Novice: 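Structure below; questions to follow.
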Amino acid sequence: MAYALGNLDFLFIVGTVFSLLALLFTFDAVAGEREAGTLRINLSNPLPRDVFLWSKLIGGYIVFVIPFLVSFLLGLLLITWQGFPLGEFEIAAPVFCLTLISLLYIAVFFAIGVFISTYLDNAKTALIVAFTFWVFVVLIVPRGAFVVAKLVSPTRTQQAVYMEKTTLRNNLSKDKDEKIGEKMAEAFASSVGIAIRSDDTAAQERM
């Protein structure tokens, strides 16, 4: 389950849960009214179709996104109360950008849901199309792109990198030991040579 959907974090909640909820919230925004017959009544009034669609999109988006913002702000207040340095600019700026990107991401799926509902006459068909689109975009495309990237530019596995590091470390240790041995041999040879020369000098002085 975790491999198919990912870990339960902010990225998972926004990228997977809220994108699906946005499509489920909008799949019958227009198709449902068309089936119920209320769409014809609404459009019989002097109401432009673009205003009707924009009202569906903007009004529904505001109603949908308010619980997300409230829960997100409560979470920020909670972690700030626990000592998270949210007041610092280096922390607040990325959090603000992440919030804007999340709202834009949700808005894109919301608009796609309204678009699907606008061009399909049946709410059930709109639900199937919206869910199929969500599965393809959220579940299949990211993991398919990952597989394609591995085929196009294969990367080494963690075990291969670990073995390469171990081999390199062993080679470095071996070279280090050899150099230390050579230095010790040179030092020992020089000390033996000095001792021999001193013995020769002492013998010459006795003579």
Side-chain angles (χ1 to χ4, degrees), residues 1-29 50-51 53-118 127 129-169 172:
M1 185 71 175
Y3 178 78
L5 297 179
N7 297 321
L8 186 60
D9 53 6
F10 183 80
L11 179 62
F12 171 80
I13 292 174
V14 174
T16 304
V17 177
F18 272 90
S19 61
L20 178 60
L21 291 177
L23 293 177
L24 294 179
F25 195 80
T26 56
F27 78 93
D28 62 343
D50 56 344
V51 175
L53 291 177
W54 278 111
S55 63
K56 283 284 185 179
L57 180 61
I58 297 176
Y61 178 73
I62 293 175
V63 173
F64 179 81
V65 85
I66 284 177
F68 166 74
L69 288 177
V70 171
S71 60
F72 183 69
L73 292 176
L74 289 177
L76 289 180
L77 291 176
L78 179 61
I79 62 176
T80 303
W81 178 69
Q82 293 178 350
F84 185 72
L86 187 60
E88 300 179 2
F89 179 77
E90 294 78 5
I91 303 296
V95 171
F96 180 73
C97 293
L98 179 63
T99 305
L100 291 181
I101 293 173
S102 301
L103 293 176
L104 180 61
Y105 182 83
I106 295 173
V108 169
F109 276 88
F110 209 90
I112 291 172
V114 174
F115 177 82
I116 293 174
S117 180
T118 302
L127 175 61
V129 173
F131 184 73
T132 304
F133 173 81
W134 177 84
V135 170
F136 179 76
V137 172
V138 176
L139 299 184
I140 297 178
V141 171
R143 285 151 184 84
F146 178 74
V147 174
V148 172
K150 289 183 66 176
L151 294 175
V152 173
S153 179
T155 57
R156 294 173 297 175
T157 62
Q158 184 177 2
Q159 184 179 3
V161 173
Y162 175 77
M163 293 177 62
E164 184 177 350
K165 287 183 177 180
T166 303
T167 304
L168 182 60
R169 191 181 299 113
L172 291 176

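Please read all numbers here as calculations on a predicted model, not as lab measurements. Just the heavy atoms: all of them, side chains too, but no hydrogens, waters or symmetry mates, feed the values below. In this chain, residues are counted from 1 in sequence order.
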Novice: Less than 4.5 Å apart, side chain to side chain, heavy atoms only: is that true for Val17 and Leu21?
Specialist: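 Counting from C-beta outward, Val17 and Leu21 do come under 4.5 Å.
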
Novice: Just wondering, do Leu139 and Trp134 contact through their side chains at under 4.5 Å, heavy atoms?
Specialist: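 Of all side-chain heavy-atom pairs linking Leu139 with Trp134, at least one is under 4.5 Å.
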
Novice: When rounded to the nearest 0.5 angstrom, what distance separates CD1 in Ile112 from CZ in Phe133?
Specialist: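 With rounding to 0.5 Å, CD1 (Ile112) is 3.5 Å from CZ (Phe133).
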
Novice: When you measure from the side chain of Thr16 to the backbone of Ile13, do you find a donor-acceptor pair of N or O atoms at a distance under 3.5 Å?
Specialist: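 A pair under 3.5 Å: no.
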
Novice: Give the ring-plane orientation class for Phe64 versus Phe25, where under 30° counts as parallel, over 60° as perpendicular and anything between as tilted.
Specialist: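 Correct class here is tilted.
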
Novice: Determine the interplanar angle of the Phe109 and Tyr105 rings, folded into 0 to 90°, and report it as parallel if under 30°, tilted if 30 to 60°, perpendicular if over 60°.
Specialist: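 Plane angle between 30° and 60°, so tilted.
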
Novice: Is there a side-chain contact between Ile106 and Tyr61, using heavy atoms and a 4.5 Å cut-off?
Specialist: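 Yes, side chains in contact.
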
Novice: Of all heavy-atom pairs between Leu76 and Thr80, which one has the smallest distance, and what is that distance?
Specialist: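 Taking every non-hydrogen atom into account, O-OG1, 2.6 Å.
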
Novice: Calculate, to the nearest 0.5 Å, the distance between atoms OG1 and CG belonging to Thr26 and Leu127 respectively.
Specialist: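 It is 10.5 Å, given to the nearest 0.5 Å.
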
Novice: Which donor-acceptor pairs under 3.5 Å do side chains of residues 82-102 form with protein atoms, sequence neighbours excluded?
Specialist:
residue : atom : partner : partner atom : Å
Thr99   : OG1  : Val95   : O            : 2.8
Ser102  : OG   : Leu98   : O            : 2.7

Novice: Report yes if the side chains of Trp81 and Leu78 come closer than 4.5 Å at any heavy-atom pair, otherwise no.
Specialist: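 Sidechains of Leu78 and Trp81: in contact.
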
Novice: To the closest 0.5 Å, what do you measure between CG (Leu23) and CZ (Phe131)?
Specialist: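 Nearest 0.5 Å value for the CG-CZ distance: 10.0 Å.
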
Novice: Do Leu53 and Thr118 have side chains that get closer than 4.5 Å, going by heavy atoms?
Specialist: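 Of all side-chain heavy-atom pairs linking Thr118 with Leu53, at least one is under 4.5 Å.
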
Novice: Give me the atom names and distance for the closest heavy-atom approach of Phe110 to Gly60.
Specialist: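 Looking at all heavy atoms of both residues, the closest pair is CZ-C, 3.1 Å.
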
Novice: Mind checking whether Ile140 and Val135 have side chains closer than 4.5 Å, heavy atoms only?
Specialist: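 They are in side-chain contact.
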
Novice: Quick check against the 3.5 Å criterion: does Lys56 have a side-chain atom that pairs as donor or acceptor with the backbone of Ala29?
Specialist: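 Such a contact is found between Lys56 side chain and Ala29 backbone.
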
